[in-house]
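One structure is given below, encoded as structure tokens.
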Amino acid sequence: MHPITKAIRTRVDQTNEMEHSSPLFLTSSFGFDNAEDMRAAFADETNDNIYSRFSNPTVQEFTDRVVALEGAEAGYATASGMSAIFASMMALLKSGDHLVACSSIFGSTVTVLNKYLPNYGIQITYVPANDLSQWEAAIKPNTKMLYLETPTNPALDVIDLATVSALAKKHNLILNVDNCFATPVCQRPIDFGADLVVHSATKWMDGQGRVLGGVVVGKKELIHNIYLFCRSTGPALSPFNAWVLSKSLETLDVRMERHASNALALAKALEGHDKIASLKYPFLASHPQNAIAVKQMKNGGGLVAFELKGGLESGRKFLDALEMLSLTANLGDVKSIASHPASTTHAKLSEAERTAVNITPGLIRISVGLEHIDDILADVLQALDKC
Ligand SMILES: *Cc1c(COP(=O)(O)O)cnc(C)c1O
């Protein structure tokens, strides 16, 4: 079966009732028939249903569906994207290890790398998204992991997964990819050699802004260590959230096709607009890494980024002038969302710090929703007129 079919048809079901829609196992623990069954379950370090911090059928169904979509061997689902990212590092790195990370990564991931991992003796080096020559130079004898996102947040640079994974193989490193922006129906990092893929399921996977969730998938032995770390430290995904997310995966492929076709139409319509200095969308020929994007992505995804000629002040005016698009910290929703990182999410950084991670004063990022493209475009155009 195709991965998208498995994302619809995979079910982990303990009942004989065969509800057509998967049941929700809203339970914290599982009962046993006798002392021997209970002893055997506890003796086994695989994820038998004992207690929902270890595993739960509804959570397993969501995990299995993501495993199928990503072409992975195994996975573990967590309460949020950040807990998946944190667990993937804490379970596999130890004091004295070194991690090389792309400098354009999600803000809370930067906080984990800068503020918490060093407390445990883990060293970090950042390398630019768009200059792979610096990646190899950053690798040291104690380097254990390469970490990146592609497309990057919020500047939408695209990183060549095959090239970075060849580097990881050469130096025997774990390649860990945050695939949140593309989603597995658009890009499968494991096909290009990644060892681990992490997701914030809160974004496109849920797609309707309802629940938080995360998941890490990849090589069996790596996931087993992450599972053992999680079953003791407790970042488990709630069964209710897993049930919501598992349903969401059934429509992920069709939703992403429309998000991407709306985003491409918006990007084409705005390219060259007289208020816009530059615009980035991975599937536009003008994108600096368009050839890589086309090679590793099925479509350009649902995000469009552009730089307003008027800088910081224009960015604020643009947000205020929008009538339909939402102003919210989330992305990957049926509703289109606009954000201006320089005055909001990244306002606390200095201008030099923002420039270092490609956040320019007039940068606007649009998470293109599923409204009719004419309505999205009309709102963006009238807001551009006013800024
Ligand atoms: C939102 C996000 C995260 C963090 O996920 P949460 O579910 O909010 O914890 C990680 N990476 C990327 C790229 C994100 O957009």
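Note that ligands are numbered from 1 as they come in the structure, with each ligand's atoms numbered from 1 the same way. The figures that follow rest on heavy atoms only: side chains count, while hydrogens, waters and symmetry mates do not. We count residues from 1, following the sequence as given.
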So [Y] and [X], do their side chains get closer than 4.5 Å, heavy atoms only?
{"X": "F318", "Y": "L322", "value": "yes"}
{"X": "N176", "Y": "L99", "value": "no"}
{"X": "P3", "Y": "K6", "value": "no"}

For the pair H340 (side chain) and P361 (backbone), establish whether a donor and an acceptor sit closer than 3.5 Å, ignoring hydrogens and angles.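 The answer is yes, because a donor-acceptor pair under 3.5 Å joins these two groups.
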Can you hop from I366 to I337 via hydrophobic side chains spaced under 4.5 Å?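 No, I366 and I337 fall in different hydrophobic clusters.
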Using 30° and 60° as the class boundaries, would you call the ring planes of F86 and F229 parallel, tilted or perpendicular? perpendicular
Enumerate the protein residues lying less than 4.0 Å from ligand 1, judged by heavy-atom distances, in chain and residue-number order. S80, G81, M82, I85, F106, E149, D178, C180, F181, S200, T202, K203, G213
